[in-house]
Amino acid sequence: FFFSSRRRHTRFRGVTGVQTCALPICFPVTIGPPIGHFPVPRECPCCGSTIDKKEGFVELFCENDHCPVKLLGRLIYFTSRDCADIQLLGETYVEGLFDKGFIKTPSDIYRLTEDQIAQVAPLKVAKKIIANIEKSKGMSLERFIKVLGIPNVGEGTARRLAAHYGNFESFLNAEPKDLWNISDVGEITANSVYRFLKDPSSRADLLSMYGLGVTTGKTTIVDEGPLSGQVWCITGSFRFMKRPEIKQLLVNNGAKVANSVTKQTTHLLMGEEPGSKYDQAIKNNCIIVDDAGFNGIDSIWKTSPNGMRSI
């Protein structure tokens with residue numbers, strides 16, 4: 001077995017395996033090459049709590065919501081580019097602040113001082129991080145729901161929840177029967193959201209963030225648009241726009257945005273230094289759009305001589 005402990009690895013009983021990532025707040029275990037028989041671990045090697053095998057998952061999960069690895073994972077997820085997008089506050093600095101006891105929950109991030117950050121980062125960087133934290137306070141309700149790391153709630157579900165409730169107060173007081181009636185929100189997800197919102201520590205943290213100046217805008221779902229019926233995937237880096245802004249632009253015009261290339265993917269937006277998604281897109285005959293061609297999704301599609309389609 002291989003337990004993922006922060007960004008390092010803890011070897012379990014001398015058996016090697018493959019580390020997997022299961023963000024935001026679970027503790028993964030994977031099975032390596034068969035080397036005799038080894039019992040399934042019953043305790044988390046980080047906090048000693050019971051380990052659970054959830055239905056539908058190959059990973060094992062620590063049941064302790066206050067497990068240090070889970071708390072740190074949630075903070076790293078919260079600050080990441082696709083979530084709160086707090087630039088310069090990367091994994092190394094988050095881990096350093098966590099180890100010093102400055103942050104344990106997402107709301108603690110908004111209480112950080114320049115002096116505290118300067119203990120793990122250069123002073124010039126600390127000043128910029130403080131400014132970026134302040135900048136992150138204004139986010140859509142959709143993104144706010146996503147960054148909370150609620151189990152079973154991905155980007156699409158967060159969008160549906162935000163469009164249904166419209167504001168933070170209404171979402172905070174969501175009831176199970178109401179959640180079940182939202183399109184694409186099943187009973188398992190509804191119960192997961194309700195448990196999260198009713199958990200005293202989670203609720204207190206939500207209210208703290210709101211009290212510290214985090215604001216949320218309204219989200220509307222665009223069912224019809226120039227990109228309706230299209231499934232996009234994004235790879236590489238872009239100079240003209242941040243990735244979250246690109247995703248929002250696509251969604252606002254009716255497209256769905258997926259994290260990986262599948263048979264359902266119709267378009268790949270390719271930036272600089274594309275990864276393996278490009279090869280997969282070629283294999284699946286996706287329409288490939290480079291960053292130079294992505295100059296306005298309301299324009300007419302044209303096919304370029306080299307076979308790549310641009311806008």
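- Atom NZ of K104 has more than 12 heavy atoms from other residues, nucleotides or ligands within 6.0 Å.
- With values rounded to the nearest 0.5 angstrom, I76 atom CD1 is found 11.0 Å from L71 atom CG.
- One distance of note links CD of E155 with CD of E142; it measures 6.0 Å at 0.5 Å rounding.
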> When you look at N132 and L89, which way does the side-chain contact (heavy atoms from CB on, under 4.5 Å) test go after all the steps?
Replying inline: CA-CA 9 Å; N132 291 336; L89 188 56; over 6 Å; no
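- Atom CD1 of I103 sits about 10.0 Å away from atom CD of E95, to the nearest 0.5 Å.
- Note: the hydrophobic cluster containing V261 also contains I282 (ILVMFWY, side chain heavy atoms under 4.5 Å, direct or indirect links).
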> Passes side-chain contact (heavy atoms from CB on, under 4.5 Å), L197 versus L206? Steps please.
Replying inline: CA-CA 9 Å; L197 293 175; L206 289 176; 3.8 Å; yes
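- Taken to the nearest 0.5 Å, the CE atom of M270 stands 12.5 Å off from the SG atom of C233.
- R111 places no side-chain N or O within 3.5 Å of a backbone atom of F102 that could act as its donor or acceptor partner.
- Heavy atoms of other residues, nucleotides or ligands lying less than 6.0 angstrom from CD of E273 number 12 at most.
- Side-chain atoms of N167 come within 3.5 Å of backbone N or O of E169 as a donor-acceptor pair.
- The shortest heavy-atom contact between S260 and T265 is O-OG1, 3.7 Å.
- A distance of 6.0 Å separates CG of L268 from OG1 of T235, quoted to the nearest 0.5 Å.
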> Passes side-chain contact (heavy atoms from CB on, under 4.5 Å), D85 versus S136? Steps please.
Replying inline: CA-CA 7 Å; D85 191 25; S136 76; over 6 Å; no
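- Within the 4.5 Å cutoff, the side chain of V231 has no heavy atoms near those of the T262 side chain.
- Within the 4.5 Å cutoff, no side-chain heavy atoms of N152 are placed close to those of T157.
- Of the possible donor and acceptor atoms, one in the side chain of K277 sits under 3.5 Å from a partner among the backbone N and O of I234.
- Sorted by first then second residue, the ring-ring contact (aromatic ring centres under 6.0 Å, His included) pairs that include residues 126-157, not counting sequence neighbours, are F144-F168.
- Residues L141 and L212 fall within the same hydrophobic cluster, defined by Ile, Leu, Val, Met, Phe, Trp and Tyr side chains chained together at heavy-atom separations under 4.5 Å.
- Without hydrogens or angle criteria, N191 side chain to E187 main chain gives a donor-acceptor distance under 3.5 Å.
- No side-chain heavy atom of Q264 sits under 4.5 Å from any side-chain heavy atom of K256.
- Across F238 and G236, no two heavy atoms sit closer than the pair CE1-O, 3.5 Å.
- Side-chain contact between Y77 and K146 is present, with heavy atoms from C-beta onward closer than 4.5 Å.
- Note: I86 CD1 to Y93 OH = 14.5 Å, rounded to the nearest 0.5 Å.
- Two residues are said to be in side-chain contact when any heavy atoms from C-beta on lie closer than 4.5 Å; T189 and V153 meet this criterion.
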>> Please determine whether side-chain contact (heavy atoms from CB on, under 4.5 Å) holds for the pair L207 and L172, giving the CA-CA distance in whole Å, both sets of side-chain angles, and the decisive distance to 0.1 Å.
In response: CA-CA 9 Å; L207 292 171; L172 190 64; 3.5 Å; yes
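- In this structure the side chain of P106 reaches within 4.5 angstrom of the side chain of L75, judged on heavy atoms.
- Within a 6.0 Å radius of CD1 in I188, other residues, nucleotides and ligands contribute 12 heavy atoms or fewer.
- H267 places none of its side-chain heavy atoms less than 4.5 Å from the side chain of L250.
- D178 and H164 share a side-chain donor-acceptor pair at under 3.5 Å.
- Counting heavy atoms from C-beta on, the side chains of V289 and W232 come closer than 4.5 Å.
- Ring geometry for F78 against Y110 counts as perpendicular: the plane angle is over 60°, on a 0 to 90° scale with 30° as the lower cut.
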When the side chains of residues 115-129 are checked against the rest of the protein, which donor-acceptor pairs come out under 3.5 Å, sequence neighbours left out?
residue : atom : partner : partner atom : Å
Q116    : OE1  : T113    : N            : 3.1
K127    : NZ   : E114    : OE2          : 3.1

